[in-house]
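See below for the structure under consideration.
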There are 2 protein chains.
Amino acid sequence: MPPNKEGAGGRDDRSVTGKLFTLLSVFSPRRTVLTLSEIAHRSGLAVTTVHRLVGELVERGILERDSDRRYRIGLALFEIAALAPRGPGLREVALPYMEDLYEVTRENVQLGVRAEDEVVFVERIAGRASVGVRTRLGGRFPMPPTGLGLVLLAHAPSEVRQRVLEAPLRRFTPHTLTDPERVRSVLSDVRRDGFAISDRQVTSDALSVAAPVFGGSGEVVAALSVVLRFGSVRPSSLAPAVRMAARGISRALTAPVTSSETTRPD
Amino acid sequence: MPPNKEGAGGRDDRSVTGKLFTLLSVFSPRRTVLTLSEIAHRSGLAVTTVHRLVGELVERGILERDSDRRYRIGLALFEIAALAPRGPGLREVALPYMEDLYEVTRENVQLGVRAEDEVVFVERIAGRASVGVRTRLGGRFPMPPTGLGLVLLAHAPSEVRQRVLEAPLRRFTPHTLTDPERVRSVLSDVRRDGFAISDRQVTSDALSVAAPVFGGSGEVVAALSVVLRFGSVRPSSLAPAVRMAARGISRALTAPVTSSETTRPD
DNA sequence: CCGGGTTTTCCGTTGAACGGAAACGAAATC
DNA sequence: GATTTCGTTTCCGTTCAACGGAAAACCCGG
């Protein structure tokens, strides 16, 4: 068998770092608990190698083993990831505003950022009453069909937009826009209006209203959205509320020139 | 200089895995954004080595670099960590019950698990109105003075209890229990009663009521708590509600023998 | 233009990582 | 309870990726 080329994760398995990464990438929402040989098989790495690496990872709490002796992602990883500025860091400052927005709308409120050419969901507040959304924290989704994605894509560097619109646009419902030119025009509306509406692009019963969150130097660092059942409210009537919340977050992000950002001597 | 021994993170830096881990461990709530040489310095690794490792990590999205060229924890790590069964995985199933508990009490609701000899906070719902709590998601805290910790410690393997109670018990307020024997007796009450009350152990204005969350085989896998302002409500009056919520989570954890747990052929 | 810091490239040396092989263990299957 | 199967772990000789010192490139602020 050729050394790598397939497997599950990244491209280059030569370095230990690469191996570790592909090894960890074998875990997925569908497979959060794996045996040693499953990991080996799916990562395309030698069992022996995986055995050694995985051993070390367990020692450090990056992976965990239960009584069933199988492996899962450990708390240590969670603890480190909690420091990601664009992940939990962002969530931390955004949450109060998201809660307000939720109180006012009683609908799903979502926060997302762009990772490469997709949206990654960073936080969600889901009311019992609200429409079911199939978003998982830390999960990815194509940008064009989601409200969050439209906002992020509208403000992404043009190469990104180029790549995304060149690739075939996946259809989820009869309403999904699949013509790049149509999307392009929507995106320019988004830039003009300061918010995006994605109407039944992912499921036929839901639509979302999204607005950009700005960072210190005016770039869009995230997007905030409300997902609602189709036909419940006139979507554009929610736009001001969503924009307000998003601006609140933007301000909160910009304001704090806290000393914690500053490097201090030991 | 002796090869390792000091530095910031783990014990053994010989292996690449170890280096990577210590390197990442250099990031902390206080220092989420670092320069190359800071990382090198604080991890005790050679600049060259850090340079190479960090380069690879950035390539894979584990670390990120902004326009300021400094390094921070990246989204890729967040995405992987989102799969941790004891982290976001647990949170996912617990959240609805936590929300119910919050609706009923309008107080801070917290979820935590044990990592080695400390509590790690996995989720928190904080109302505007509720007492300020100084807990950070993914943050650690000693067990004895917190409600969550008392529950976790009460049901931890006896070696853990031994270790924790042998070590000096840190005092936070005049009320903090520092006598191991007193704590031992509290712990046995916790086991008997099925809930714990931590009265002004961390701050003089707050106390918490906590209950255990059980996993499939009857072990305690997490703890749930409500933090309230001292003097507001009779704490024991909340115990039933907290226990109910915790049991709800336990049931939800046990019930789903979903096919996603099962390994299926490719 | 100079001098501190940091970041990056270069490259010869070496030991950590590698992985085949085989022993070991656990749990179905007969 | 004997046999097969599948997963895990130990062992060990080979080799190449990782290492890190040195020096160049870069980036300020003075």
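Per chain, numbering begins at 1; letters A, B, ... match sequence-line order. Given the structure is predicted, the values throughout are model-derived calculations rather than measurements.
The environment of B:R247 atom CZ is sparse: at most 12 non-hydrogen atoms of other residues, nucleotides or ligands sit within 6.0 angstrom. A:R191 CZ: more than 12 foreign heavy atoms inside a 6.0 Å radius.
Side-chain atoms of A:T48 lie closest to C:dG19 of the nucleotides C:dG19, D:dT8, C:dT8. Closest contact between the side chain of B:S37 and the listed nucleotides C:dA17, C:dT7, C:dG19 involves C:dT7.
The CG atom of A:L20 sits 8 Å away from the P atom of C:dC18 (whole-angstrom rounding). The distance from atom CZ of B:R70 to atom C1' of C:dT8 is 19 Å, rounded to the nearest whole Å. Rounded to whole angstrom, the span from the CG atom of B:L23 across to the P atom of D:dG20 amounts to 13 Å. Straight-line distance from the NE2 atom of B:H51 to the C1' atom of C:dT7: 6 Å, rounded to whole Å. Rounding to whole angstrom units, NZ of residue B:K19 and P of C:dG15 are separated by 13 Å. Per the geometry, CD belonging to A:E59 stands 13 Å off P belonging to D:dT9, to the nearest Å. Summarising the geometry, the separation between CZ on A:R52 and P on D:dA17 is reported as 14 Å, rounded to the nearest angstrom. Put simply, CZ on A:R42 is 11 Å from P on D:dG7, counting in whole angstrom units.
Looking at A:T22, its side chain does come within 3.5 Å of a backbone N or O of A:K19 through a donor-acceptor pair. In this structure, the side chain of A:R72 does not engage the main chain of A:V33 through any donor-acceptor pair within 3.5 Å.
Checking A:V16 against A:V47, the closest nucleotide of DNA chain D that is more toward the 5' end is the one next to A:V47. Nearest-nucleotide assignment on DNA chain D puts the 5′-proximal partner with A:Y71, out of A:Y71 and B:L53.
OP1 or OP2 of D:dC19 has not a single side-chain nitrogen or oxygen of B:T49 nearer than 4.0 Å.
Between atom CG of residue A:L83 and atom CZ of residue B:R30 there is a gap of 13.0 Å, rounded to the nearest 0.5 Å.
Among the protein residues, B:R69 comes within range of the sugar-phosphate backbone only, with heavy atoms under 4.0 Å from sugar or phosphate atoms but none that close to a base.
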